[in-house]
Amino acid sequence: MAMAIRVSLLFCILFLFHAKPSFSLFGDEVGLADWHQQYIGKVKDAVFHTQKAGRKRVVVSTEENVVASLDLRHGEIFWRHVLGNNDVVDAIDIALGKYVITLSSSGGILRAWNLPDGQMVWESSLQGCSKSSKSLLSIPNNLKVDKDNLIHVFGNGCLHGVSGIDGEIVWKKSFESESIEVQQIIHPSDSEVIYAIGFVGSSHFEVFAINARNGDLLNKYDAAFPGNFSGEMLLVSDDLVVALDATKSKIVTIKFQDGIKFEQTYLLSDLIGDSSGTSVLLPLKLQGMFALEINGFKIFIRITGEGNLEVVDKVNNATVISDPLLLSEGEKAFAIVQHDDDGKIHLTVKLVHDWNKELHKESIVMDHGRGFIHRVFINNYIRTDRSNGFRALVVMEDHSLLLLQQGAIVWSREDGLASIVGVVTSELPVEKEEGVSVSKVEDNFFEWLKGHMLKLKGTLMLASPEDVVVIQGMRVKNSEKSKMTRDHNGFRKLLIVLTRSGKLFALHTGDGRVVWSLLLPSLRNSACGLSIYQWQVPHHHALDENPSVLIVGQCGQSNDAPGVLSFVDTYTGKEISSSSPAHSVSQVLPLPFTDATEQRLHLLIDQDQRAYLYPRTPEAVTIFQREFSNIYWHSVDSDKGIIKGHALKRNSNHDDDDEYCFHSRDVWSIVFPSDSEKIIATVTRKLNEEVVHTQAKIIPDHDDDVMYKYISKNLMFVATVTPKSSGEIGTATPDESSLVVYLIDTISGRILHRMTHHGSQGPVHAVFSENWVVYHYFNLRAHRYQMSVIEIYDQSRSANKDLWKLVLGHHNLTSPISSYSRTEVVTKSQSYFFTHSVKAISVTSTAKGVTSKQLLIGTIVDQVLALDKRFLDPRRSANPSQAEREQGLVPLTDSLPINPQSYVTHSLKVEGLRGIVTVPARLESTTLVFAYGIDLFYTRIAPSRTYDSLTEDFSYALLLITIVGLVAAIFVTWILSEKKDLQDKWR
């Protein structure tokens, strides 16, 4: 029998050697359970570079302050730079055929990037002026590699001449002492004079003629206009601009070289005649021509050689016009793009000087889901017959980017995903059980057996390179991560994301692909503030219903403008219904109640704090009336420093026929003194999403060895700073700065805890979970960032605990808790230094709340760091006792550790990181993480390791062989043992 034991141990050792626990992530595993997508945002300017030498590309700047170079063949990103929220890109161009020139920060920073690889060549800070003004960039078309050929930049009230070679500022001309508001800078070709033109007040036009090489003032002249200007100005040629008068009924043409000359033309009587309405100058750059938008139409007007105005064409407002493209000396073309009712767009390329001549015309079938075209940029290429062909880069209403060529869409990019404003998740459909044939079962069995034999060969290092490829393919196929049905671990879900353009996307968590997208017709308004909520989440008795989401749009210029509601099916991506209620929407409250179809009840609060119940059904009203007295909410006015608590009062008499409208009353209010405190952050717990596994916490070596967490969904964290320290870091001294944090009960308005951090200031980022809050801020005295933790406990329960009541289940943990009961609470807090600045903080969440918590911290370098909550335990001490060590308490240090292997995003970056969303999987050990900004990143993490599952590459074949081997070894050794015993008895 001893031999059997030895053989069994040998097999066990071999098995354990092969079955590796999942304690770390190997390089070849990156991308199996996560994905990363890169975007650039809505393009606002583009410059083509299609010379014969080098790869054809287009350089773009976007509304997300991204400068990027895209491959014209496939739309892939060659390189990109994200300049940040405070570094808005004003203009972009290409100089010397090899540099990308960008002007940003309101004309304050000029940069040159190497065109092939995007490396920065030089950067110039154009400081010294502080007058608010337009930002203008002028690069001569014939700029050569010569230090005397300069780039001219106007910004912050100064005109600079900058060398295109090394970025040296050669000269500067300040307009701060002048009254002129510069509107244009003009540098005519083959001229050494640059003109700065603009308005002085509303009735004077002024011109500065400046030497383009040294910045000397050559001439200055102005003229008074017999009337007032509207403030708009458009350059038509090197010596002519057009403007509108104050009434916007007359066009004023202004010649400014060799003196100033005004000519006026009445729009209605002299040009248009049959139209009325307010006219607006369109910012086009057509030589000798300009365009007006009036009464829903765009009217093109040409200026003849004699200075007369003539109407060339009149098109509908949905028409988009490109900037002119230089074809040859003195010949420029531009594109007109128009929509029709059949879902087609028509692209026409014309010559600027000959409107009737069409160089190119084509029609493309366009998906209605992309909306209207917002911008178009054109580029030409030479066909085999030596004629001009044209390609068009098109920016759509949903912020997507398309390249059109030869009547087809060459490629498209969903860059609207760079501007996500809200995220919710949706379960996938349940997989339907269908009958399976015997032959299919046999085929699947042989495929299964073949696959595991290949894995066994790989384990024993006997697999050929071809076998390795097959094994890798089988791993991807068997992972089934991209199936459109639920999995038993809860890894496969839909991420329903709402973008700033009003478009919804459903992203599959398996591979990040777009399952469906919908541009909401009721919310196609860039002025809308958008938010998304779970509306219907069917469970057991309502699985025949599809889940749906609610999108709320707060549109209009005023706070009392009516809202817009849209309900969307998350399986099909179809809009179920939409409505435009008569009331405004200033706040949306998802309630913890559902009706028979599992539609969640919502309260929509208007500007006057009236509450409107949705869904508007009798069943919803019945459910709502049962909980009427238990519904409270709060509002925060950061500008006035007031926090108020509200409760329902009675049915609203605002509309006697509306039984779904209710009045509210103010329950409490907290007013922070404006001279000493300013609200900069408020955080509450996740509503109806977080599961708390246990309310008790063991405290070893303590008189109260068990403490009870104060678990309340009604707690709010508030952070205030002194008004002087409400700006950027360093704008106030430590003595002038202080950060005050509060824990407030939003039902009663009771302040449960208040703490002051002297010499500290924001920005504050915080996360609230269970009975603790963690927040990040800056310590001015230490010149370092800090993170603090506050834990709050129910002292009254700790004092009344009874062991037998706990055992028998009669402890007061089961008794209801009221926020008005004046519960006695105790708090514990601790602060630690932290290395990084923070953009966002979130916390992991699991299905049952058993797994340890991790903080997910979005750092300033756009990566996500996972930090164990144990490091932010306020009970940490320098010398923990043995009992505390056994409980996992970490010895106290002044700084929080950062392990390079703890970055959830690995070596990747989520550029422009704005938010981190965590979703529990059905597997208790695992949390799904989605980080979004300009880029998207998804992964799943196990804070306490995957203690409840085997790894995906676990070899079941080897396990089977090991079991069979063990059984065979036991049987053989048993026979040998019996024979030996028999021989011993015969002796």
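Computed over heavy atoms, backbone and side chain alike; hydrogens, waters and symmetry mates excluded.
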Less than 4.5 Å apart, any side-chain heavy atom of W535 and any of H602? yes
Check: V82 main-chain N/O paired with E911 side-chain donor or acceptor under 3.5 Å: no
R754: which residues meet the salt bridge (charged side-chain N to carboxylate O under 4.0 Å, His left out) condition with it, sequence neighbours left out? none
One pair to check against ring-ring contact (aromatic ring centres under 6.0 Å, His included): Y793 and Y710. What are the steps and the verdict? CA-CA 5 Å; Y793 294 93; Y710 185 80; over 10 Å; no
Using side-chain hydrogen bond (donor to acceptor under 3.5 Å, both in side chains), reason through Q761 and S725 one step at a time and then give a plain yes or no. CA-CA 6 Å; Q761 71 171 112; S725 60; 5.3 Å; no
If I take atom OG1 from residue T509 and atom OH from residue Y938, how far apart are they, to the nearest 0.5 angstrom? 4.0 Å
Quick one, N771 and Y708 - any side-chain contact, counting heavy atoms below 4.5 Å? no
Under a 4.0 Å N-O cut-off, is there an ion pair linking K869 with E791? yes
Is a donor on one side and an acceptor on the other found under 3.5 Å between the side chain of D745 and the backbone of R750? no
Whether T844 side chain and K853 backbone form a donor-acceptor pair below 3.5 Å: no
Whether R940 engages the ring of F491 as a cation-pi pair (distance to the six-membered ring centre under 6.0 angstrom, angle to the ring normal within 45°) should be assessed. yes
Is there a side-chain contact between W772 and P874 (heavy atoms, below 4.5 Å)? no
Report the C-alpha distance between K644 and S664 in whole Å, list the side-chain angles of each, state the deciding distance to 0.1 Å, and finish with yes or no for side-chain hydrogen bond (donor to acceptor under 3.5 Å, both in side chains). CA-CA 12 Å; K644 290 184 178 181; S664 67; over 6 Å; no
Please check: side-chain N/O of E770 versus main-chain N/O of K709, any donor-acceptor pairing under 3.5 Å? no
When the ring planes of F834 and H776 are compared, do they come out parallel, tilted or perpendicular, using 30° and 60° as the limits? perpendicular
Evaluate H757 against Y775 for ring-ring contact (aromatic ring centres under 6.0 Å, His included), listing each step before the verdict. CA-CA 12 Å; H757 300 275; Y775 52 101; 5.6 Å; yes
May I ask you to check whether H634 and W668 place their ring centres under 6.0 Å from each other? no
Are any non-hydrogen side-chain atoms of I934 and I40 less than 4.5 angstrom apart? no
Return the minimal non-hydrogen interatomic distance between R781 and N779, and the atom names on each side. N-OD1, 2.9 Å
How far does OG1 of T594 sit from CG of L601, to the nearest 0.5 angstrom? 8.0 Å
Counting distance only, does the side-chain N/O of H753 pair as donor-acceptor with the main-chain N or O of V826 below 3.5 Å? no
Look at the side chain of D637 and the backbone N and O of I642, then say whether any donor-acceptor pair between them is shorter than 3.5 Å. no
Any donor-acceptor N/O pair, S419 side chain to G416 backbone, under 3.5 Å: yes
Would a distance-only check, ignoring hydrogens and angles, find a side-chain to backbone donor-acceptor pair under 3.5 Å from N714 to T746? no
Does the gap between the ring centers of Y742 and F672 come in under 6.0 Å? yes
Counting only heavy atoms not in N879, do more than 12 sit closer than 6.0 Å to its CG atom? no
Kindly compute the distance separating CD (Q863) from NE2 (H906), expressed to the nearest 0.5 Å. 10.5 Å
T756 side-chain N/O to H758 backbone N/O, donor-acceptor pair under 3.5 Å: no
Under the 3.5 angstrom rule, does the side chain of T939 hit a backbone N or O of V929 as a donor-acceptor pair? no
Would you tell me whether T893 and R876 have side-chain atoms, one donor and one acceptor, within less than 3.5 Å of each other? yes
Between T905 and H36, is any pair of side-chain heavy atoms under 4.5 Å apart? no
Are K839 and H765 packed together at the side-chain level, in the sense that at least one heavy-atom pair is separated by less than 4.5 angstrom? no
Between the CD1 atom in I857 and the OH atom in Y903, the distance rounded to the nearest 0.5 Å is 9.5 Å
CD of Q554 to CG of L530, rounded to nearest 0.5 Å, is 9.0 Å
